[in-house]
Amino acid sequence: MSNKNTKDILILAIESSCDETSAAVLKNGKILSNIIAGQKVHEQYGGVIPELASRAHQQNIVPVVDVALKKAGVQPQQLSAVAFTEGPGLLGSLLVGASFAKSMALALDIPLIGVHHMKAHLLAHFIDDATGKIPEFPFIGLTVSGGHTQIVLVKNHFDMEVLGETLDDAVGEAFDKTAKLLGLPYPGGPHIDRLAQEGNPHAFKFPKPKTEGLTFSFSGLKTSVLYFLQKKLKENPDFIRQNLADIAASFQHTVIEMLTDKLWEAVRQTGIKRIAIGGGVSANKGLKKALENLAETEGWEVFIPKFEYTTDNAAMIAITAYYKYLKGEFSPLTTVPKARMKI
Ligand code: KG4
Ligand code: ZN
């Protein structure tokens, strides 16, 4: 039965910006399904290989969409719109999701909605079971992923302003590159996080680079870990194995301080004490704890999404598309995905 005569808004959303193929179905602002297929193929290379990512998206997209629709109990003919990640991301990967979404929109004669991936990471907080509470506007968004580290002033669902960002590596990249130096599998963020729980965060001291205002720099930190390890390995070839948890904890502690230092500055500059984080690194247990402590001691209101809405997922694309749908903001079928895209 067609949805066109009923009031229900049913959106199928597709996310394919990096190495996760994901599809979600949303009904009137509620997520009915959120299917995520990861890509194991990159593990052996210690990083995402764009060509292999596009190919894996091609293999995954039909079954992932099929499972998302079936789990939601929704027929394609009932859909009100199809949404996809327009950018930023790996172009070959984005093209798979974009082409699929366009074909569906064309075949079903329904609107197409292109979504900004980083805005979606922040709007993940509006999924009703993301944290159990929804941030009021305006709030400070901190996006921490494999490709981005930004402090964003979120004025409403559509209007966001980047107040500062990284000048070089993203924070997730720093986790992954440091993990690689430690011989940990890709992606290394979760491994460092796990090891850090057992280590002493003050065992080793790594310098925090000084950057202006609300900008970040993580490439220097990775280099200091590299030089530190090279020096220690000369003295003791088994240094990493014997000190793995302490190195992970000390590195993670430094990163968390770099992030919270800038949040302090953002609170000072804006006078806003409401902070919502998004992106893969917001799954980090140490960061979560540090923010919860600040909430308690400084009276900040802190929002950390549920794990399944931190790393790349289509539910966040669906909720962002829902607000665009309500506003009638649709994309033409000529829309092309963009590797780089401003917030
Ligand atoms: O948002 P995301 O899934 O993909 C991008 O848009 O980049 O973020 C992936 C990044 C990776 O760098 C991964 O190592 C990191 O998030 N990550 C973590 C944790 N879980 C994922 N970093 C630190 N601690 C974690 N628990
Ligand atoms: Zn992401």
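Just so it is clear, the structure is predicted and the values come from calculations on it, not from any experiment. In listed order, ligands and their atoms are each counted from 1. Numbering of residues begins at 1 and proceeds along the displayed sequence.
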| said: Quick check: Phe206 with His253 (ring centres under 6.0 Å apart)? | reply: no
| query | For the ring pair Phe175 and Phe251, is the centre-to-centre distance below 6.0 Å? | reply | yes
| query | Within 45° of the ring axis of Tyr186 and under 6.0 Å from its six-membered ring centre, is that where the NZ or CZ of Lys180 lies? | reply |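 The answer is no, since Lys180 fails at least one limit relative to Tyr186.
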| said: Could you check whether atom NZ of Lys262 has more than 12 heavy atoms from other residues, nucleotides or ligands sitting under 6.0 Å from it? | reply: yes
| task | Return yes when atom CD of Glu235 has more than 12 non-hydrogen atoms of other residues, nucleotides or ligands closer than 6.0 Å, and no otherwise. | result | yes
| request: Could you grab the protein N, O or S atoms closer than 2.8 Å to the Zn ion (ligand 2) for me? | output: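 Metal shell, protein only: His117 NE2, His121 NE2, Asp312 OD1.
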Does the plane of the ring in [X] sit parallel, tilted or perpendicular to the ring in [Y]? Use 30° and 60° as the thresholds.
X	Y	result
His157	Tyr323	parallel
His117	His121	perpendicular
His125	Phe303	perpendicular

| said: Distance under 4.0 Å, heavy atoms only, partner ligand 1: which residues pass? | reply: His117, His121, Ser145, Gly146, Gly147, Gly172, Phe175, Asp176, Pro187, Gly189, Pro190, Asp193, Gly279, Gly280, Val281, Ala283, Asn284, Thr311, Asp312
| Exercise: do Asp168 and Ser217 side chains pair donor with acceptor under 3.5 Å | yes
